[in-house]
Amino acid sequence: MNVAGSTLLPREPIKSVCSAEVNPSAEEEHQPNPWKEATEEEWDDWRWQLRHRVTRAEPLKLILNLSPEEIEAIEASKGRMATAITPYFAKLMDRNDSNCPIRRQAIPTMAEFHLSPADLFDPCAEDENSPVHGLVHRYPDRVLLLVTDKCAVYCRYCTRRRMVGSSEKCITQEELDEAVAYIQATKKIRDVLISGGDPLLFEDDHLESILAKVRKVPHVEIIRIGTRVPVTLPQRITPSLTSMLKKYHPLWISIHFSHPKEITKEVRRACAMLAEAGIPLGSQTVLLRGINDRPVVMKRLMHELLKIRVRPYYIYQCDLAMGTEHFRTPIAVGINIIEKLRGHTTGYAVPSFVIDAPGGGGKIPVGPTYMISQDKGKMVLRNYQGKVFEYQEPRNNGS
Ligand SMILES: *Cc1c(COP(=O)(O)O)cnc(C)c1O
Ligand code: SF4
């Protein structure tokens with residue numbers, strides 16, 4: 001891989017930012033706005049948002065005080081994993097603070113061009129577990145169907161950055177038919193997870209044609225969609241989309257959230273519409289250094305998710321994707337977050353913390369240990385407060 005020279009900049013300790021302030025202050029309303037010509041109707045239209053994605057530093061300079069390093073990195077990201085940010089998501093960024101959690105997720109820094117010896121091109125060996133193009137078959141009973149390389153906003157820590165954000169290709173009709181033929185022929189597959197890129201960037205009828213093909217396979221019990229669009233482009237969730245989706249039940253949706261600041265009134269509305277279409281909603285969150293690695297921030301995110309009827313599903317240890325070392329935390333940080341959640345708050349607010357095994361072993365859960373010892377069926381346990389309890393197992397093995 002072609003790396004931009006000696007661009008590793010001294011890394012300052014990153015301050016965790018968790019500003020609760022989402023609404024622009026009165027002062028910010030008077031700042032220059034590159035989208036001031038947009039009517040309210042246009043702003044609320046997902047196609048307008050997508051057409052006006054920011055890919056260059058110039059329009060961003062109007063709303064953010066970009067550092068020279070950020071400007072350089074935006075230019076350098078062209079042709080690799082591009083910079084693309086919906087106007088909606090850009091407006092959530094803090095004008096002055098380059099450590100703003102929204103800003104750090106979407107605006108590249110030169111640290112991205114530094115490779116660590118641990119970095120992997122395909123961190124979870126998805127390509128090796130791909131029987132046909134676009135399909136990853138790792139677990140016997142379920143498959144991952146990658147239908148597009150395009151996202152509304154490119155997350156700088158993306159685990160699929162090897163494929164996402166450069167060509168914006170989507171699966172061809174022939175490739176889709178081959179993938180569906182594989183699912184059809186593999187009777188053990190009872191769960192199809194449609195992801196990418198972001199499947200919700202397709203027009204309703206295009207997405208429907210994929211759902212309909214998958215739904216036709218008799219042994220497919222559930223369909224899942226993995227998406228970040230409800231967060232980065234909430235305008236995409238429309239009544240026509242939800243009434244189409246609900247024809248393909250049981251359909252589950254996993255939404256990628258990173259920070260409580262992402263939960264705006266637009267996101268609340270989008271999730272309410274999906275929930276009201278009867279779609280069970282789960283969240284997936286990548287643990288990110290300086291963005292959501294403090295237990296208080298993660299706890300607030302989990303609480304906000306429950307309020308919008310999204311059940312926290314996974315927190316991921318950040319994968320070993322190329323140029324993402326600056327986003328990674330020690331694994332102990334994630335374990336400590338679970339320790340601070342379990343027992344201390346609603347059980348529904350506690351996701352599983354998983355490491356997607358490098359090389360392709362699937363998701364491995366890690367967490368605090370509550371079992372202290374086990375001797376002749378006498379279990380010694382500790383609770384969330386550290387108090388010790390004993391449980392005697394049945395002596396006759398329960399028979
Ligand atoms: C994450 C993943 C799945 C789904 O895993 P669940 O634990 O069932 O959500 C399936 N296939 C692949 C390749 C995955 O990475
Ligand atoms: S939305 Fe998902 S696939 Fe797209 S850039 Fe972000 S992490 Fe990658």
Side-chain angles (χ1 to χ4, degrees), residues 53 77 80-86 89 102 104-108 112 122-131 134-166 168 170 179 183 186 188-201 221-233 236 252-259 262 280 282-288 291 311-319 321-324 327 351-365:
R53 284 192 306 171
S77 73
R80 306 152 182 273
M81 189 185 170
T83 301
I85 307 168
T86 54
F89 204 61
I102 306 294
R104 283 207 54 225
Q105 289 184 70
I107 298 198
E112 239 177 72
D122 177 12
C124 303
E126 292 182 330
D127 299 342
E128 276 169 46
N129 287 306
S130 178
L135 207 62
V136 185
H137 192 188
R138 169 160 307 141
Y139 300 102
D141 74 333
R142 54 209 191 277
V143 283
L144 175 62
L145 176 60
L146 302 173
V147 293
T148 173
D149 295 352
K150 184 175 176 176
C151 297
V153 170
Y154 292 113
C155 313
R156 306 323 299 174
Y157 50 86
C158 180
T159 187
R160 297 208 183 99
R161 51 185 298 141
R162 70 182 183 285
M163 50 191 278
V164 151
S166 39
E168 302 203 325
C170 73
I183 296 168
T186 315
K188 293 181 304 234
I189 299 172
R190 40 161 290 286
D191 171 5
V192 176
L193 170 51
I194 301 173
S195 183
D198 208 310
L200 292 190
L201 289 188
E221 296 171 0
I222 64 165
I223 301 177
R224 295 193 264 176
I225 293 175
T227 177
R228 184 151 167 71
V229 150
V231 179
T232 51
L233 182 63
R236 174 66 187 98
W252 295 60
I253 294 186
S254 293
I255 309 172
H256 169 177
F257 281 93
S258 300
H259 193 277
E262 293 169 348
S283 71
Q284 317 203 73
T285 298
V286 182
L287 179 58
L288 297 166
I291 295 177
R311 159 73 157 111
Y313 183 42
Y314 282 137
I315 293 177
Y316 291 99
Q317 174 67 15
C318 188
D319 286 333
M322 296 280 192
T324 61
F327 283 116
S352 300
F353 174 50
V354 294
I355 305 171
D356 214 336
K363 298 172 182 72
I364 301 173

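Predicted model only: the values in this text are computed from it and were never measured. One-based numbering, in listed order, for ligands and for the atoms of each.
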A.B. asks: Heavy atom to atom 5 (S) of ligand 2, shortest distance: which of Cys155, Ala321, Gly196 holds it?
C.D. replies: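 Answer by nearest heavy atom: Cys155.
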
A.B. asks: Please write down residue, atom name and distance for the protein heavy atom closest to atom 7 (S) of ligand 2.
C.D. replies: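 Checked against all protein heavy atoms, atom 7 (S) of ligand 2 sits closest to His256 CE1, 3.6 Å.
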
A.B. asks: Counting only heavy atoms, tell me which of Thr159, Asn129, Val136, Leu135 gets closest to atom 13 (C) of ligand 1.
C.D. replies: Val136

A.B. asks: Mark yes or no for whether Arg236, through its side chain, and Leu200, through its backbone, hold a donor-acceptor pair below 3.5 Å.
C.D. replies: yes

A.B. asks: Would you call Leu193 and Arg142 a side-chain contact if the rule is heavy atoms closer than 4.5 Å?
C.D. replies: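 Leu193 vs Arg142: side chains apart.
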
A.B. asks: On a heavy-atom basis, I'd like to know which of Arg228, Arg160, Gln284 is closest to atom 1 (S) of ligand 2.
C.D. replies: Arg228

A.B. asks: Flag Cys151 as yes if one of its N/O/S atoms falls below 2.8 Å of atom 4 (Fe) of ligand 2, otherwise no.
C.D. replies: yes

A.B. asks: Can a non-hydrogen atom of Arg224 be found less than 4.0 Å from any atom of ligand 1?
C.D. replies: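 The answer is yes, since Arg224 has a heavy atom less than 4.0 Å from ligand 1.
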
A.B. asks: Is the shortest N/O to N/O distance between Arg142 and ligand 1 below 3.5 Å?
C.D. replies: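 Right, the criterion is met.
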
A.B. asks: Can you figure out which of Tyr139, Tyr313, Trp252 has its heavy atom closest to atom 6 (P) of ligand 1?
C.D. replies: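 Looking at heavy atoms only, Tyr313 sits closest to atom 6 (P) of ligand 1.
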
A.B. asks: Which residue supplies the protein heavy atom nearest to atom 8 (Fe) of ligand 2, what is that atom called, and how far is it?
C.D. replies: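 Of the protein heavy atoms, Cys158 SG, 2.3 Å lies nearest.
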
A.B. asks: Counting only heavy atoms closer than 4.0 Å, does ligand 1 sit against the backbone of His137, its side chain, both, or neither?
C.D. replies: neither

